[in-house]
Amino acid sequence: KLLNLNLAPNPFSNKSILNLPYYKNDHLEIYIYNSVGQLEKIYNHVHPPTFELNKDNLKSGLYFLEVYDNKNRIGITKFEIK
């Protein structure tokens with residue numbers, strides 16, 4: 001069963017907050033993919049219950065965010081950067 005992830009605001013211009021309702025592990029990984037499935041960014045050692053996602057060098061467009069615990073995908077959501 002996948003987590004119910006909430007990213008707000010979505011879409012965003014500079015940063016957004018991801019709600020991570022997961023308490024089994026302190027070190028999650030987040031993978032960001034662009035709209036054609038190319039890996040754009042990896043965040044290691046993510047600590048729930050929230051994560052601040054910054055635009056950084058990501059361009060405007062649609063992205064997919066996947067959350068992993070020990071190589072097991074536990075959540076997925078999409079977001080847009082304006």
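All residue numbers refer to positions in the sequence shown, counting from 1.
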Problem set entry | Spacing of CD1 belonging to I74 relative to NZ belonging to K1, to within rounding of 0.5 Å | 12.0 Å
For this session: Mind jotting down which residue pairs meet the salt bridge (Lys or Arg N to Asp or Glu O under 4.0 Å) criterion with at least one end in residues 30-45? Sequence neighbours excluded, please.
Result: K41-D56
Problem set entry | Atom of P9, atom of S16 and distance for their closest heavy-atom approach | O-OG, 2.7 Å
Problem set entry | Close side-chain approach of I76 and L65, heavy atoms under 4.5 Å | no
For this session: Any chance you could measure L3, atom CG, to T77, atom OG1, to the nearest 0.5 Å?
Result: 11.0 Å
For this session: Give a yes or no answer on whether the side chain of T50 reaches the backbone of N19 with a donor-acceptor pair at less than 3.5 Å.
Result: no
Problem set entry | Minimum heavy-atom distance between Y22 and P48, given as atom pair plus value | O-CB, 3.1 Å
For this session: Quick one: which residue pairs count as a salt bridge (Lys or Arg N to Asp or Glu O under 4.0 Å) with a foot in residues 73-82, not counting sequence neighbours?
Result: E66-R73
Exercise. Of all residues at least two apart in sequence or in a different chain, which pass the side-chain hydrogen bond (donor to acceptor under 3.5 Å, both in side chains) check with Y33?
Worked result: none
Exercise. How is the hydrophobic cluster of I17 composed, in terms of its other members, when Ile, Leu, Val, Met, Phe, Trp and Tyr link through side-chain heavy atoms under 4.5 Å apart, directly or indirectly?
Worked result: none
For this session: Report whether I42 and Y68 are members of the same hydrophobic cluster (ILVMFWY, side-chain heavy atoms less than 4.5 Å apart, transitive linking).
Result: yes
Exercise. Atom CZ of F79 and atom CG of L62: how far apart are they, to the nearest 0.5 Å?
Worked result: 8.5 Å
Exercise. Does any non-hydrogen side-chain atom of L5 lie less than 4.5 Å from one of L7?
Worked result: no
Problem set entry | Value rounded to 0.5 Å, distance of NZ in K15 from CG in N54 | 6.5 Å
For this session: Taking the side chain as every heavy atom from C-beta outward, state whether L53 and I30 have any pair of such atoms under 4.5 Å apart.
Result: no
Exercise. Mind checking whether V67 and L28 have side chains closer than 4.5 Å, heavy atoms only?
Worked result: yes
Exercise. Nearest heavy-atom pair of F64 and N34: which atoms, and what distance?
Worked result: CD1-O, 4.0 Å
Exercise. Say you draw a straight line from CD of Q38 to OH of Y63; how long is it, rounded to the nearest 0.5 Å?
Worked result: 10.0 Å
For this session: Measure the shortest side-chain to side-chain distance between I81 and F12 over non-hydrogen atoms and say whether it is less than 4.5 angstrom.
Result: yes
Exercise. Quick one: side-chain hydrogen bond (donor to acceptor under 3.5 Å, both in side chains) partners of H47, sequence neighbours excluded?
Worked result: none
Exercise. Which residues pass the salt bridge (Lys or Arg N to Asp or Glu O under 4.0 Å) test with K24, sequence neighbours left out?
Worked result: none
